[in-house]
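Some notes on the structure that comes next.
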Amino acid sequence: MMKNNYKIAHHGLKEGTHRFSFIIDNKFFEHFNYPDILGGQVDVNLTLEKKTRHMELIFEYRGKVVVSCDICLEPMDYPLQMEDTLFVKMGEDESKDSDVMIIAPNQPEIDLSQYLFDTISVSLPYKKAHETDENGKRSCNPEMLKKLEQYSAEKKQDKHVDSRWDKLKNINFN
């Protein structure tokens, strides 16, 4: 079980600006057991603006997450640098807006762990691959690249073209 250091006790806060910081590390990612993120180190700086009826939370994420390369399957560091805003309102209704969190008026703390994880997960690109150098060559595992090239070459050789269709290539529709 993860010791939750991602909660903010908002009942004791006065109106105005407050600053918090969190360190998201491998234990945080292990807790969520999400196969696309293998680990990481992300520093999160939070500026909380408490107002009478709501709070505005501005997050700054800086660091890296470890993901698998979609080409060679080797772990790779993906740099993370972004900002995000969340509004927190008091109430009983549920919000369908991903930028608004509604908490019960008697809830003394805001647990941000799921929100932090979701924001980082959604920020990852659909395709994750090692960088290419100035020659367009990937810094992937060379052995895996050789295997991929070998199997793709074998597939190309296996394609047998039926000669009966060759005459159709010469049809002119004019």
Side-chain angles (χ1 to χ4, degrees), residues 1-90 94-103 107-145 148:
M1 183 164 178
M2 177 178 71
K3 181 181 174 190
N4 196 335
N5 297 323
Y6 308 101
K7 290 183 180 179
I8 296 176
H10 64 89
H11 272 300
L13 296 178
K14 294 181 181 178
E15 285 189 27
T17 303
H18 306 276
R19 297 196 185 332
F20 302 89
S21 62
F22 306 105
I23 296 175
I24 297 176
D25 57 8
N26 291 339
K27 287 183 181 181
F28 177 85
F29 293 114
E30 287 171 6
H31 171 74
F32 287 96
N33 195 25
Y34 182 61
D36 286 355
I37 300 177
L38 307 174
Q41 180 77 25
V42 180
D43 296 326
V44 180
N45 292 314
L46 169 62
T47 302
L48 184 148
E49 183 70 33
K50 185 167 184 180
K51 300 180 181 176
T52 306
R53 297 184 162 256
H54 73 281
M55 292 175 274
E56 182 179 356
L57 285 69
I58 302 168
F59 298 88
E60 291 181 29
Y61 300 82
R62 304 284 182 266
K64 65 178 177 156
V65 290
V66 180
V67 295
S68 292
C69 174
D70 290 336
I71 296 172
C72 70
L73 305 177
E74 291 287 319
M76 60 176 259
D77 291 344
Y78 179 78
L80 195 67
Q81 185 170 342
M82 64 181 191
E83 292 185 8
D84 188 35
T85 302
L86 174 68
F87 293 94
V88 178
K89 296 181 179 181
M90 307 293 177
E94 289 189 24
S95 174
K96 298 205 186 304
D97 188 353
S98 63
D99 294 338
V100 178
M101 178 187 288
I102 298 180
I103 59 172
Q107 185 177 338
E109 297 177 319
I110 304 169
D111 185 356
L112 297 172
S113 55
Q114 186 67 51
Y115 179 80
L116 293 168
F117 178 77
D118 291 346
T119 302
I120 291 171
S121 299
V122 170
S123 73
L124 297 176
Y126 179 71
K127 183 177 181 181
K128 299 166 284 298
H130 284 100
E131 295 288 322
T132 55
D133 63 14
E134 60 276 355
N135 299 326
K137 188 174 181 180
R138 292 217 177 266
S139 58
C140 287
N141 178 336
E143 291 177 28
M144 182 62 85
L145 291 177
L148 288 171

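Each residue takes its place number in the sequence, starting with 1.
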Can you tell me if [atom1] on [X] sees more than 12 non-hydrogen neighbours from other groups inside 6.0 Å?
X: E83; atom1: CD; answer: yes
X: E15; atom1: CD; answer: yes
X: L13; atom1: CG; answer: yes

Y6 side chain vs I110 backbone, donor-acceptor pair below 3.5 Å: no
Side-chain donor or acceptor of D111 paired with backbone N/O of K7 under 3.5 Å: no
Once rounded to the nearest 0.5 Å, what's the spacing between atom [atom1] of [X] and atom [atom2] of [Y]?
X: Q107; Y: M90; atom1: CD; atom2: CE; value: 8.5 Å
X: D36; Y: I120; atom1: CG; atom2: CD1; value: 13.5 Å
X: L124; Y: I37; atom1: CG; atom2: CD1; value: 5.0 Å
X: D25; Y: H31; atom1: CG; atom2: NE2; value: 12.5 Å
X: M82; Y: E60; atom1: CE; atom2: CD; value: 11.5 Å

A side-chain contact here means heavy atoms from C-beta on lying under 4.5 Å apart; do [X] and [Y] qualify?
X: L57; Y: L112; result: yes
X: D43; Y: S21; result: no
X: I71; Y: H130; result: no
X: I103; Y: H10; result: yes

Set of residues satisfying side-chain hydrogen bond (donor to acceptor under 3.5 Å, both in side chains) with respect to [X], sequence neighbours excluded:
X: Q114; result: D118
X: Y78; result: none
X: E109; result: none
X: N141; result: E74

Going by salt bridge (Lys or Arg N to Asp or Glu O under 4.0 Å), name the residues that satisfy it together with D77, two or more places apart in sequence or in a different chain. K64
Residues two or more places apart in sequence or in another chain: which of them pass salt bridge (Lys or Arg N to Asp or Glu O under 4.0 Å) with E49? none
Which heavy atom of [X] sits nearest to which heavy atom of [Y], and what is that distance?
X: L86; Y: V100; answer: CD1-N, 4.0 Å
X: F32; Y: S113; answer: CZ-O, 3.7 Å
X: A129; Y: C69; answer: CA-SG, 3.7 Å

Should the ring pair F20 and H18 be called parallel, tilted or perpendicular, given that the plane angle runs from 0 to 90° and is split at 30 and 60? tilted
Aromatic contact, Y115 with F59 (centres under 6.0 Å): yes
Steps toward side chain to side chain contact (heavy atoms under 4.5 Å, CB included) verdict (L48, K50): CA-CA 6 Å; L48 184 148; K50 185 167 184 180; 3.8 Å; yes
Let's go through F28 and F22 carefully: what are the C-alpha distance in whole Å and the side-chain angles of both, what is the deciding distance for ring-ring contact (aromatic ring centres under 6.0 Å, His included) to 0.1 Å, and is it a yes or a no? CA-CA 11 Å; F28 177 85; F22 306 105; 9.5 Å; no
For R19 and L46, what are the C-alpha separation, side-chain angles and deciding distance, and is it a side chain to side chain contact (heavy atoms under 4.5 Å, CB included)? CA-CA 6 Å; R19 297 196 185 332; L46 169 62; over 6 Å; no
Hey, mind stepping through E56 and T85 against side chain to side chain donor-acceptor pair (under 3.5 Å) and telling me if it holds? CA-CA 7 Å; E56 182 179 356; T85 302; 4.9 Å; no
